[in-house]
Structure formats: structure tokens, C-alpha cells
Amino acid sequence: VEEDVEARTPRARRLAAPRRVLAMAASGETLTVVIFGATGDLAKKKLFPALYELLYGCPEAPLLPASTRILGFGRARVELGEFLAKQCVNVTGPRRADFLSRIAYFQGQYDQEADFARLHAALLELEGGSARASRLFFLSVPPTVFGLVCENVHRQARAVGEGYTRLIIEKPFGRDSRTFGELNCTTSSLFREDQLFRIDHYLAKEKVLNLLAFRFANQLYEPLWNRQHIAQVQIVFKEDIGTGGRGGYFDGFGIIRDIMQNHLMQVLTLVAMEAPASLVAEDVRDEKVKVLKQIRPIDPKDCVVGQYDGYQDDADIKKLNEQKGYASRCPTFAAVVLYLDNERWSGVPFIMKAGKALETQQTIVRIQFKKAPPNSLFGDQPQNELVIRIQPNEAIYYKILAKLPGLTQRARDVQQTVLDLDLKKRFELRRTPEAYEKLIHDVIQGESHNFVRRDELEQAWRIFDPLLHELEVTEKRVPERYTFGSRGPLKADALIDRMGFRRYTVTGVPGFAEDDFD
């Protein structure tokens with residue numbers, strides 16, 4: 001019987017993972033991590049560095065069994081040395097050579113069952129006859145081949161004996177409800193839900209992980225976390241770069257599918273959910289699903305889409321335009337307003353905004369509280385705001401009013417300032433784990449908190465499907481143009497203003513200012 005992780009003390013929980021690794025080693029259990037799409041950017045930039053940290057780099061290492069092997073699966077015929085030199089260029093540290101010695105490369109095709117039979121033979125050789133040989137498959141591949149890979153793993157490459165088989169699936173999870181349903185039908189017919197880990201790396205960012213504790217471990221906020229006190233909520237994603245060589249891929253999805261329907265919607269559920277029955281994964285995910293079920297489909301009038309100047313000049317986009325016979329209408333920017341039909345949030349607009357080629361790079365949640373009555377003690381003053389900066393330079397701070405210091409200042413001379421929660425200073429953190437370190441470690445532990453359940457995705461597509469159909473099929477809406485490096489289309493600011501959102505400069509004067517205090 002497995003020990004109840006939630007019942008452990010904090011110190012016991014910190015020690016649980018290393019003890020689990022020692023137990024695996026003592027039992028002769030082996031682990032092989034198979035990366036499909038091992039020659040791609042995600043493997044190069046995120047996966048190989050994350051695996052190194054789990055094995056050798058992080059303070060708690062090793063968090064993987066000593067017997068762990070890594071097998072990169074790719075379609076190209078590449079020599080191992082060449083593969084390692086290119087794909088592990090971001091792996092740095094004193095144990096780099098030891099890490100590279102654990103990696104092998106396997107060439108095969110995703111649609112060839114015979115290649116997966118060869119893969120199984122290669123895995124058996126790596127496992128050395130262990131009776132408890134577990135296999136973790138990471139699908140860093142286009143969604144068009146998800147089903148093929150899952151079918152071939154099921155038929156030919158599942159773990160044998162007492163080891164587990166687990167699959168990590170990267171977004172996008174389809175383009176709409178229909179394509180997600182088809183994908184889910186395939187994966188769910190082959191593997192149990194507890195074997196499938198649909199990854200959303202935003203759920204492993206430190207400030208997103210902190211949302212549950214911030215809301216429900218602090219009695220200060222719960223009485224204020226409702227429509228009586230909160231005027232609106234903004235969830236904003238900004239990038240200061242364009243599509244950067246991903247134009248062909250991005251044009252098939254757009255910013256709504258790429259960012260809003262998954263990353264930002266997951267953040268919204270954590271902001272808006274009720275307290276779960278416990279911190280067990282299924283209880284948390286049940287509450288997230290309840291939130292999603294209460295969100296209305298988005299009214300197209302509450303949506304502005306944009307496209308940055310220069311997008312059409314991308315070589316891949318030009319080719320696609322020639323094939324289609326018209327200029328791309330793919331949005332690189334969108335602002336939408338969502339409403340929840342429940343007692344806590346009725347009438348509160350949740351404003352979601354995401355864009356590329358904007359003036360800065362950041363992801364923030366901004367909760368703006370209602371304005372004080374006009375005849376209040378200190379008169380007309382800026383509204384309080386709680387800001388959660390997810391990236392970069394993670395932070396949580398509360399914008400409040402404080403009296404200006406000085407001999408000549410009067411009691412009513414107040415100005416906006418911040419109460420700042422700096423976790424790095426308070427807890428003397430040497431480093432914050434990267435999202436993929438956390439997620440891979442969670443999968444190995446069988447921990448599903450930070451992964452997306454099937455019904456979460458079904459509800460997210462229910463919310464966005466009607467809007468996407470209206471924009472792409474019915475209206476064929478042409479996105480508003482905006483300058484590279486700007487705030488985005490002016491109509492987006494007008495939409496947000498219409499929702500009652502107010503912007504203030506650093507001194508608390510109404511007007512346009514940086515979205516962040518820094």
C-alpha cells in the first residue's frame with residue numbers, strides 16, 4: 001500500500017522523492033526515458049537540460065534512478081556523436097560526460113510498426129533483463145502523429161514485467177473539440193488516464209504552483225475573493241518577438257489555440273476555483289473542471305484579434321498565402337472577455353490577452369479591486385491591485401496606498417506603492433527549478449496535479465470553439481494590424497476600457513503606463 005503523501009510533514013515530503021529513488025535502486029528497478037522528436041528544439045532547449053538537472057545538477061539530485069537511460073527517437077539518420085554535440089549543447093555542468101554516456105539514439109519512422117518492434121528490442125537490451133523496467137515516453141512531435149506513436153507504443157514498445165508505461169503528450173491537443181475528441185479516443189482506448197500526462201508547462205511555473213497556497217492557505221484573501229470586492233481580472237501573456245521561424249506551424253493554430261485555450265485558461269481556473277476537498281490531484285482537477293463548466297462561450301463582440309506588421313513577410317507565410325490564394329488571417333494577438341456564471345464571480349469580467357511582437361515579454365495576473373466610494377476619506381484614489389508576475393522575475397505584490405513621508409506632507413497625501421512577496425529572499429532559494437524538471441519528476445512519481453485531464457480540455461474547447469468558428473468560418477475576420485513592439489491594436493485597449501479596467505502610472509495618476517511596476 002502506498003504511503004499517503006499528503007499526510008506527511010513538510011520535511012518528510014521533501015525527503016520522499018530521494019527515498020523513492022533509493023528504493024527503486026535497491027529493488028533493481030530501471031527507467032528508460034524515450035524522447036520522440038529528439039532532434040527538435042524542445043528536446044534541445046528544455047528536455048535534455050531538465051534530465052541533466054534531475055540526475056546531477058539540482059540540489060536534491062539524483063532524483064532519477066542510477067540506472068536511468070535516455071533514448072532519443074528521431075526520423076533522421078544521425079551519428080550519435082553528432083546528435084549529442086547538437087542536441088545537448090545546452091547541458092552544462094561537471095557531470096556532463098556522465099550524462100552523455102547515458103544517451104543513445106534510435107532512428108525510425110513514427111508510422112512504421114516494425115520500427116517500434118526494433119525499438120522494443122533496443123529497450124530490452126538497455127534494461128538488461130530487469131523484471132521492473134519502467135518506460136517513460138515523451139511525445140515531442142506534431143499532433144498529426146500523436147495517434148500513430150501511441151498505437152505503435154501500445155502494440156510493440158510497452159514495458160514488460162512489473163514496470164510502468166507512461167506517456168507525456170505535448171500540446172496542442174487538437175485544433176478544436178472534434179480533433180481533440182479523435183485524439184482522445186485513440187489515446188484513451190490504448191492507455192489508462194493515469195498513464196497519460198498531458199503537459200502544460202505553465203502549471204509547473206513557480207508562481208502558478210503558488211496560486212493554491214496563496215489563495216487557500218491565507219485567510220486574508222478569501223473574504224475579498226469575489227464579485228463584491230473585485231472589479232475585474234486580467235490574465236496577460238506578452239512576447240516581444242515574432243513567430244521566429246515557427247511561422248508555418250503557428251499559422252495553422254494562431255494565438256488563441258497556442259496560448260489562450262491552454263496556458264491562460266489553466267491559470268484562470270486556479271484563480272477562480274473553489275477550495276478543493278483536499279490537495280489530492282483529482283480533487284484539485286475536479287474543482288478546475290467545475291470552473292470551466294461555468295464559463296460562457298465567448299461572445300465574438302467581446303474579442304479583438306490582431307496581426308503584427310511584417311507577419312506576412314515571413315517566407316513560410318508567403319508560401320502558405322500562395323497555396324491558399326489569400327493573405328493569412330492568422331491572429332498573432334487576441335483579447336477576449338470571459339464571464340463565469342456562479343455566485344462568486346457573476347458579472348466580473350475575466351480579461352484574457354495574449355500577443356506576439358509586443359512592447360515587452362511577461363505573463364501576469366492582475367486582479368483589480370473595486371474603487372472606493374467617491375466620498376471616501378481619502379477621496380478619488382487609484383484602485384488596489386494584486387499582481388502575480390509569472391514570468392520573468394517571478395513576483396507577487398499588492399498595490400496599496402500609503403502616506404507620503406516628509407515634514408510638509410499632510411495625512412491625506414497618499415500615493416500608490418507595493419507590498420512585495422519575494423520568495424527568493426525569504427526562503428533563500430538557490431535556484432528555481434525549470435518547469436520541465438518539475439513535470440518530468442512528477443510523471444516519474446506518478447503525480448498528476450500539474451497535468452491536464454481529459455474533461456478539462458473538453459470544457460476548454462467548448463468555450464473557445466464557437467468563437468474560433470465565428471472568426472475563421474462565418475466572419476472570416478481580418479485581424480487588426482499593429483506595429484511590431486507596440487501594445488497591440490488600439491481596439492483591444494478600447495475593449496478593456498469598456499470592461500471598466502483602469503490603468504495608472506507609477507504615481508497613481510490615471511493613464512497609460514507599463515503593465516508592471518518595474
Side-chain angles (χ1 to χ4, degrees), residues 171-172 176 200 202-203 205 207-208 211 227 230-239 253-273 288 291-307 330-342 345-358 360-368 385-391 452 456-457 459-468 470-471 477 479-480 482 487-489 491-503 515-516:
K171 76 171 185 70
D176 49 29
D200 188 324
Y202 260 57
L203 290 175
K205 290 185 178 292
K207 284 298 176 284
V208 177
L211 278 170
R227 60 189 172 88
I230 292 176
Q232 56 269 316
V233 178
Q234 274 205 54
I235 304 172
V236 178
F237 169 93
K238 292 185 177 186
E239 281 189 335
F253 290 89
I255 198 73
I256 295 175
R257 292 184 179 92
D258 195 43
I259 300 296
M260 285 186 166
Q261 183 270 344
N262 38 73
H263 297 328
L264 301 193
M265 187 59 76
Q266 285 294 314
V267 174
L268 185 152
T269 61
L270 292 170
V271 171
M273 65 185 276
K288 290 165 66 180
V291 169
L292 292 167
K293 286 181 176 180
Q294 293 166 340
I295 299 176
R296 303 176 203 164
I298 301 162
D299 188 331
K301 294 192 288 295
D302 289 336
C303 171
V304 173
V305 292
Q307 187 183 93
C330 172
T332 60
F333 174 100
V336 302
V337 183
L338 303 100
Y339 291 96
L340 280 75
D341 290 324
N342 63 25
W345 296 112
S346 179
V348 177
F350 281 73
I351 302 163
M352 197 178 282
K353 182 166 71 171
K356 291 181 175 290
L358 299 178
T360 189
Q361 177 174 339
Q362 66 179 11
T363 305
I364 61 171
V365 178
R366 184 183 300 275
I367 297 159
Q368 191 168 78
E385 290 182 353
L386 179 65
V387 181
I388 302 165
R389 188 169 60 226
I390 297 170
Q391 65 177 14
V452 186
E456 292 180 67
L457 287 164
Q459 290 300 320
W461 281 122
R462 176 194 63 80
I463 294 162
F464 280 96
D465 260 0
L467 174 66
L468 290 166
E470 181 71 22
L471 295 176
R477 189 185 297 188
E480 303 288 328
Y482 64 94
R487 288 177 51 85
K491 285 188 177 180
D493 284 327
L495 170 66
I496 294 169
D497 288 345
R498 181 159 58 86
M499 296 301 117
F501 185 78
R502 296 293 175 264
R503 301 171 182 81
D515 273 340
D516 223 339

If we only count heavy atoms from C-beta on, is the [X] to [Y] side-chain gap below 4.5 Å?
X	Y	answer
M265	I463	yes
L211	V365	no
R477	E470	no
R498	V337	no
I295	F464	no
Q459	V291	no
V452	N262	no
T332	I255	no

What are the two closest non-hydrogen atoms of [X] and [Y], and how far apart are they?
X	Y	value
P297	P466	CB-CG, 4.1 Å
G306	P489	CA-CG, 3.9 Å
Q266	T269	O-OG1, 2.6 Å
L264	A354	CD1-CB, 4.1 Å

Nearest 0.5 Å please: distance from the [atom1] atom of [X] over to the [atom2] atom of [Y].
X	Y	atom1	atom2	answer
I390	I388	CD1	CD1	7.5 Å
Q362	K238	CD	NZ	5.5 Å
I298	M260	CD1	CE	7.5 Å
I235	I367	CD1	CD1	8.5 Å
Y482	L358	OH	CG	5.0 Å

Partner set under salt bridge (Lys or Arg N to Asp or Glu O under 4.0 Å) for D176, not counting sequence neighbours: none

With sequence neighbours left out, what residues match R296 under salt bridge (Lys or Arg N to Asp or Glu O under 4.0 Å)?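 D341.
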
Consider side-chain contact (heavy atoms from CB on, under 4.5 Å). Of R487, K353, E480, K356, which one does F333 pass it with? K353

Given the rule in the side-chain contact (heavy atoms from CB on, under 4.5 Å) test, do T363 and V267 qualify, once you have shown the distances and angles that lead to the verdict? CA-CA 11 Å; T363 305; V267 174; over 6 Å; no

Give a yes or no on whether the backbone of C330 and the side-chain of Q307 come within a donor-acceptor separation of less than 3.5 Å. yes

Can any side-chain N or O of R462 pair as donor or acceptor with the backbone N or O of L292 at less than 3.5 Å?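 The answer is yes, because a donor-acceptor pair under 3.5 Å joins these two groups.
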
L495 and M499: side-chain contact (heavy atoms from CB on, under 4.5 Å), yes or no, with the steps? CA-CA 7 Å; L495 170 66; M499 296 301 117; 4.3 Å; yes

Suppose we screen for ring pair (Phe, Tyr, Trp, His ring centres under 6.0 Å). Which residues come up paired with Y339, at least two apart in sequence or across chains?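 Checked Y339 against ring pair (Phe, Tyr, Trp, His ring centres under 6.0 Å); zero matches.
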
In sequence, state the C-alpha distance, the side-chain angles, and the governing distance for Q294 and N342, and then conclude on side chain to side chain donor-acceptor pair (under 3.5 Å). CA-CA 7 Å; Q294 293 166 340; N342 63 25; 2.8 Å; yes

side-chain contact (heavy atoms from CB on, under 4.5 Å), that's the test. Do Q261 and L468 meet it? Break it down for me. CA-CA 11 Å; Q261 183 270 344; L468 290 166; over 6 Å; no

Evaluate the criterion side-chain contact (heavy atoms from CB on, under 4.5 Å) for residue pair V348 and L340; output intermediate values, then yes/no. CA-CA 8 Å; V348 177; L340 280 75; over 6 Å; no

